[in-house]
*Asks:* 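This structure is in structure tokens; I'll ask about it shortly.
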Amino acid sequence: MSYVNRKKKYVATYKEIIIGFFAFSIILVVLYPKDSLYKEVLNEESNYDITMLYLKNMLKNDPSNETLMLAVAKQSIKADKRDLSFRLLSLLKNSHDINIKKEAYLTSYKIAKQDYFYFKEKRNKTKEKELYAQMQTLFHTIVTKHYYPRQNSEPYYKDALLLNATESAYILTKEQLEQKPNSIEVLKNAFYLSYKLKHYEEAIEYLEKLESLDTKQTKKYLDEHYFVLLQTSSYNEAESYMQNKAQSSLYWREKLAEFYLAKKEYKKAANIYMTLFEKAQTKHEQRELWLKAIATLLSGNKQKDAARLGYKYQNYFFFDKRARVALLKLYISANDLQKAKQLSRKILKTKKRGE
């Protein structure tokens, strides 16, 4: 975190600055040609006041020289004349030279950021709020116009979070993905930002990539995927998507059944459970899915359909005590007393034989 350096170790008198300026200028003119002199002035680090006086004098002779204006603005920051720097940079933001314009925005943002943290530390809420808004405006332009150095966008991403600039953060994240397309961390950021910005199709694309890359958390991504789908798609779109996925995914078959159940399409939900029944690896799993399908039909007051499904697999599950009890209750609730009697007699005969 950087702060504005508001204190100077030594402040020269105006007379000393003028004398030093002329002495410095004479030496430079004697020793260097014009181009070398200009470069030397820009590299001067010992006395920013003298350097700035020289640059301002050069600017008087060439007032349209934007490169000089930018140099004066940058030296003004070093000389702690930040207001002057900011005024010059405001003019340069309208430059037709894209490089000058870019530097003007970047330098203006740097000043605003330093001042923001300075006044934040001083607990000046009015200035802090003012500078925060100023940073947001400058930052939006810098990112949307791509004025920032693309090879080093990470600090700008952090600033986007600081400024609650979701749109800018998403632009930066997508750019990071171009460089690191399989980065799990960047893909996570891309998903959350795209969802926040309501770019739902893109959000689902990021989730699908995460599902395949971060296999330890596949279930988590699938659950988020299902949630996004329900929140953002129409009934037909969600159904079509899940039906397509269900052809090769047990997870999506289960979710499709839940989807139909939530929509009170009980027969469709029961059919999905019975499809899963056919794919189950153990008889225990089959029993649970069969009972779930029956319970689903009963939830929709479809007792007769439930009874028919129960009776279809009665012999298959006959020696399963839990299945027999469930069937007896089912036949009674469906008012199918004939089936209930037949099952009861069969159970008694089996007990007598000690089976």
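Each residue takes its place number in the sequence, starting with 1.
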*Asks:* State, yes or no, whether a side-chain contact exists between Ile347 and Leu328 at a heavy-atom distance under 4.5 Å.
*Replies:*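 Yes. Closest side-chain heavy atoms under 4.5 Å.
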*Asks:* Compute whether any side-chain donor of one residue and acceptor of the other, for Glu175 and Ser153, lie under 3.5 angstrom apart.
*Replies:*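 Checked: Glu175/Ser153 side chains show no N/O donor-acceptor pair below 3.5 Å.
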*Asks:* Ala238: what forms a side-chain contact (heavy atoms from CB on, under 4.5 Å) with it, not counting sequence neighbours?
*Replies:*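 For Ala238 the side-chain contact (heavy atoms from CB on, under 4.5 Å) partners, ignoring immediate neighbours, are Leu229, Ser233, Met242, Phe259.
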*Asks:* Return the set of residues passing ring-ring contact (aromatic ring centres under 6.0 Å, His included) with Tyr195 (not counting sequence neighbours), or none when no residue passes.
*Replies:*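 Counting only residues at least two positions away or on another chain, Tyr195 forms a ring-ring contact (aromatic ring centres under 6.0 Å, His included) with Tyr200.
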*Asks:* Output, in order, the C-alpha distance, side-chain angles, deciding distance and verdict of side-chain contact (heavy atoms from CB on, under 4.5 Å) for Lys113 and Asp159.
*Replies:* CA-CA 10 Å; Lys113 185 178 178 181; Asp159 278 9; 3.1 Å; yes
*Asks:* What pair of heavy atoms forms the shortest contact from Ile111 to Ser85, and how long is it?
*Replies:*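 Heavy atoms only, the tightest pair is CD1-OG, 3.4 Å.
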*Asks:* Evaluate whether atom NZ of Lys158 has more than 12 neighbouring non-hydrogen atoms of other residues, nucleotides or ligands under 6.0 angstrom away.
*Replies:*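 Counting other residues, nucleotides and ligands, NZ of Lys158 stays at 12 neighbours or fewer.
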*Asks:* Please check if the number of heavy atoms outside Lys209 that lie under 6.0 Å from its NZ is greater than 12.
*Replies:*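 For Lys209, atom NZ is crowded (more than 12 foreign heavy atoms under 6.0 Å).
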*Asks:* Looking at Gln281, I'd like to know if its CD atom is crowded, meaning that more than 12 non-hydrogen atoms belonging to other residues, nucleotides or ligands lie closer than 6.0 Å.
*Replies:*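 Count not over threshold, so no.
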*Asks:* Can you measure from CZ (Phe319) to OG1 (Thr350) and round to the nearest 0.5 angstrom?
*Replies:*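 If we round to the nearest 0.5 Å, Phe319:CZ and Thr350:OG1 are 5.5 Å apart.
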*Asks:* Over all heavy atoms of both residues, which pair between Ser90 and Asn94 is shortest? Give the atoms and the distance, please.
*Replies:*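 For Ser90 and Asn94, the tightest heavy-atom pair comes out as O-ND2, 3.8 Å.
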*Asks:* Under 3.5 Å, is there a donor-acceptor pair linking the side chains of Tyr251 and Glu211?
*Replies:*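 Absent: no donor and acceptor within the cut-off.
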*Asks:* Is it the case that Lys302 places NZ or CZ above or below the six-membered ring of Tyr266, under 6.0 angstrom from the centre and within 45 degrees of the axis?
*Replies:*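 Relative to the ring axis of Tyr266, which defines the angle, Lys302 lies outside at least one limit.
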*Asks:* Going by the rule ring-ring contact (aromatic ring centres under 6.0 Å, His included), which residues pair with Phe317 if we only count those two or more places apart in sequence or in a different chain?
*Replies:*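 Partners of Phe317 under the ring-ring contact (aromatic ring centres under 6.0 Å, His included) test: Trp290.
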*Asks:* Carefully, step by step, assess Tyr118 and Asn124 under the rule side-chain contact (heavy atoms from CB on, under 4.5 Å).
*Replies:* CA-CA 9 Å; Tyr118 173 79; Asn124 186 329; over 6 Å; no
*Asks:* Show the nearest heavy-atom pair for residues Arg324 and Leu343, with the distance to one decimal.
*Replies:*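 Looking at all heavy atoms of both residues, the closest pair is O-CD2, 3.9 Å.
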*Asks:* Given the ring of Tyr311, does Lys339 sit roughly above its face, with NZ or CZ under 6.0 Å from the centre of the six-membered ring and within 45° of the axis?
*Replies:*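 Judged by the rule (NZ or CZ under 6.0 Å from the ring centre, within 45° of its axis), Lys339 counts as positioned above Tyr311.
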*Asks:* How many angstroms lie between CG in Asp320 and CG in Leu291, if you round to the nearest 0.5 Å?
*Replies:*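 Reported value, rounded in 0.5 Å steps: 8.0 Å.
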*Asks:* Quick check for you: to the nearest 0.5 Å, what is the distance between Met135 atom CE and Glu128 atom CD?
*Replies:*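 Going from the CE atom of Met135 to the CD atom of Glu128 covers 10.5 Å.
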*Asks:* Counting distance only, does the side-chain N/O of Ser240 pair as donor-acceptor with the main-chain N or O of Asn236 below 3.5 Å?
*Replies:*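 Checked: no pair found.
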*Asks:* Hey, does Met274 have a side-chain heavy atom less than 4.5 Å from the side chain of Thr296?
*Replies:*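 When only atoms from C-beta onward are counted, Met274 and Thr296 do not touch, as no gap falls below 4.5 Å.
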*Asks:* Ignoring hydrogens and geometry, is there a side-chain-to-backbone donor-acceptor pair from Ser249 to Ala246 under 3.5 Å?
*Replies:*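 No; zero donor-acceptor contacts below 3.5 Å.
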*Asks:* Can you name the residues that form a side-chain contact (heavy atoms from CB on, under 4.5 Å) with Ala306, not counting sequence neighbours?
*Replies:*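 Only Ile294, Leu297, Leu298, Leu330 meet the side-chain contact (heavy atoms from CB on, under 4.5 Å) criterion with Ala306.
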*Asks:* For the atom pair CG (Leu106) and OG1 (Thr141), what is the distance rounded to the nearest 0.5 Å?
*Replies:*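 Here the interatomic distance stands at 11.0 Å.
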*Asks:* Apply salt bridge (charged side-chain N to carboxylate O under 4.0 Å, His left out) to residues Glu288 and Arg322 and explain how you reach the verdict.
*Replies:* CA-CA 10 Å; Glu288 294 305 305; Arg322 185 181 166 195; 2.6 Å; yes
*Asks:* Set out, in order, the CA-CA distance, both residues' side-chain angles and the distance that settles salt bridge (charged side-chain N to carboxylate O under 4.0 Å, His left out) for Lys220 and Asp223, then state yes or no.
*Replies:* CA-CA 5 Å; Lys220 172 191 169 186; Asp223 288 342; over 6 Å; no
*Asks:* Linking I/L/V/M/F/W/Y whenever their side-chain heavy atoms sit closer than 4.5 Å, directly or via other members, would Phe227 and Leu197 fall into one cluster?
*Replies:*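 Yes.
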*Asks:* What's the shortest heavy-atom distance between Tyr331 and Gly310, and which atoms?
*Replies:*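 The pair with the smallest heavy-atom distance is OH-C, 4.0 Å.
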*Asks:* CG of Leu256 to CG of Asn244: how many Å apart, nearest 0.5 Å?
*Replies:*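 Here the rounded value is 11.0 Å.
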*Asks:* Looking at residues at least two apart in the chain, or sitting in another chain, which of them share a side-chain contact (heavy atoms from CB on, under 4.5 Å) with Asp214?
*Replies:*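 Per chain and number, Asp214 pairs via side-chain contact (heavy atoms from CB on, under 4.5 Å) with Ile184, Lys188, Lys216, Gln217, Tyr221.
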*Asks:* Between Ser183 and Gln176, does a side-chain contact (heavy atoms from CB on, under 4.5 Å) hold up when you go through it step by step?
*Replies:* CA-CA 9 Å; Ser183 168; Gln176 289 173 19; over 6 Å; no
*Asks:* List in chain and number order the residues that pass ring-ring contact (aromatic ring centres under 6.0 Å, His included) with Tyr157, two or more places apart in sequence or in another chain; answer none if no residue qualifies.
*Replies:*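 With neighbours one apart ignored, the set is empty.
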*Asks:* Does either side chain, that of Gln286 or that of Tyr313, offer a donor lying less than 3.5 Å from an acceptor on the other one?
*Replies:*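 Not at all, the side chains of Gln286 and Tyr313 share no donor-acceptor pair under 3.5 Å.
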*Asks:* Using the ring pair (Phe, Tyr, Trp, His ring centres under 6.0 Å) rule, collect all pairs that involve residues 332-351, keeping only residues at least two apart or in two chains.
*Replies:*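 Of all non-adjacent pairs touching residues 332-351, none passes ring pair (Phe, Tyr, Trp, His ring centres under 6.0 Å).
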*Asks:* Linking I/L/V/M/F/W/Y whenever their side-chain heavy atoms sit closer than 4.5 Å, directly or via other members, would Leu337 and Leu348 fall into one cluster?
*Replies:*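 In one cluster: no.
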*Asks:* Listed by chain and number, what are the ring-ring contact (aromatic ring centres under 6.0 Å, His included) partners of Tyr132, not counting sequence neighbours?
*Replies:*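 Tyr132 satisfies ring-ring contact (aromatic ring centres under 6.0 Å, His included) with Tyr116 only.
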*Asks:* Is the cationic atom of Lys292 (NZ for Lys, CZ for Arg) positioned less than 6.0 Å from the six-membered ring centroid of Phe277 and within 45 degrees of its normal?
*Replies:*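 Pair Lys292/Phe277 does not count as cation-pi.
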*Asks:* Pair up each side-chain donor or acceptor in residues 167-174 with any protein partner under 3.5 Å, not counting sequence neighbours, and list the distances.
*Replies:*
| unit_1 | atom_1 | unit_2 | atom_2 | d |
| --- | --- | --- | --- | --- |
| Tyr170 | OH | Glu202 | OE1 | 2.2 |
| Tyr170 | OH | Tyr206 | OH | 3.1 |
| Thr173 | OG1 | Ala169 | O | 2.7 |

*Asks:* Can you give me the closest heavy-atom contact between Asn301 and Gln303, atom names plus distance?
*Replies:*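 Heavy atoms of Asn301 and Gln303 come nearest at O-OE1, 3.0 Å.
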*Asks:* Atom CG of Leu187 and atom CG of Leu207: how far apart are they, to the nearest 0.5 Å?
*Replies:*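 Result: 9.5 Å between the selected atoms.
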*Asks:* Please list, one pair per line, the donor and acceptor atoms closer than 3.5 Å that link side chains of residues 97-105 to other protein atoms, with sequence neighbours excluded.
*Replies:*
| unit_1 | atom_1 | unit_2 | atom_2 | d |
| --- | --- | --- | --- | --- |
| Asp97 | OD1 | Asn99 | N | 2.9 |
| Asp97 | OD1 | Ile100 | N | 3.4 |
| Glu103 | OE1 | Lys74 | NZ | 2.8 |

*Asks:* How far apart are the C-alpha atoms of Ile204 and His225, what are their side-chain angles, what is the distance that settles it, and do they pass the side-chain contact (heavy atoms from CB on, under 4.5 Å) test?
*Replies:* CA-CA 6 Å; Ile204 286 176; His225 190 157; 3.4 Å; yes
*Asks:* For the residue pair Tyr273 and Ala293, what are the closest heavy atoms and their distance?
*Replies:*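 Distance-wise, the nearest heavy atoms are CB-CB, 3.9 Å.
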*Asks:* Please, which pairs that meet salt bridge (Lys or Arg N to Asp or Glu O under 4.0 Å) have at least one residue in residues 237-255, sequence neighbours excluded?
*Replies:*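 Counting only pairs at least two positions apart or across chains, the salt bridge (Lys or Arg N to Asp or Glu O under 4.0 Å) contacts touching residues 237-255 are Glu208-Lys245, Glu239-Lys268, Lys255-Glu258.
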*Asks:* Once side-chain contact (heavy atoms from CB on, under 4.5 Å) is applied, do any residues pair with Lys329, and if so which ones, sequence neighbours excluded?
*Replies:*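 side-chain contact (heavy atoms from CB on, under 4.5 Å) list for Lys329, sorted by chain: Val325.
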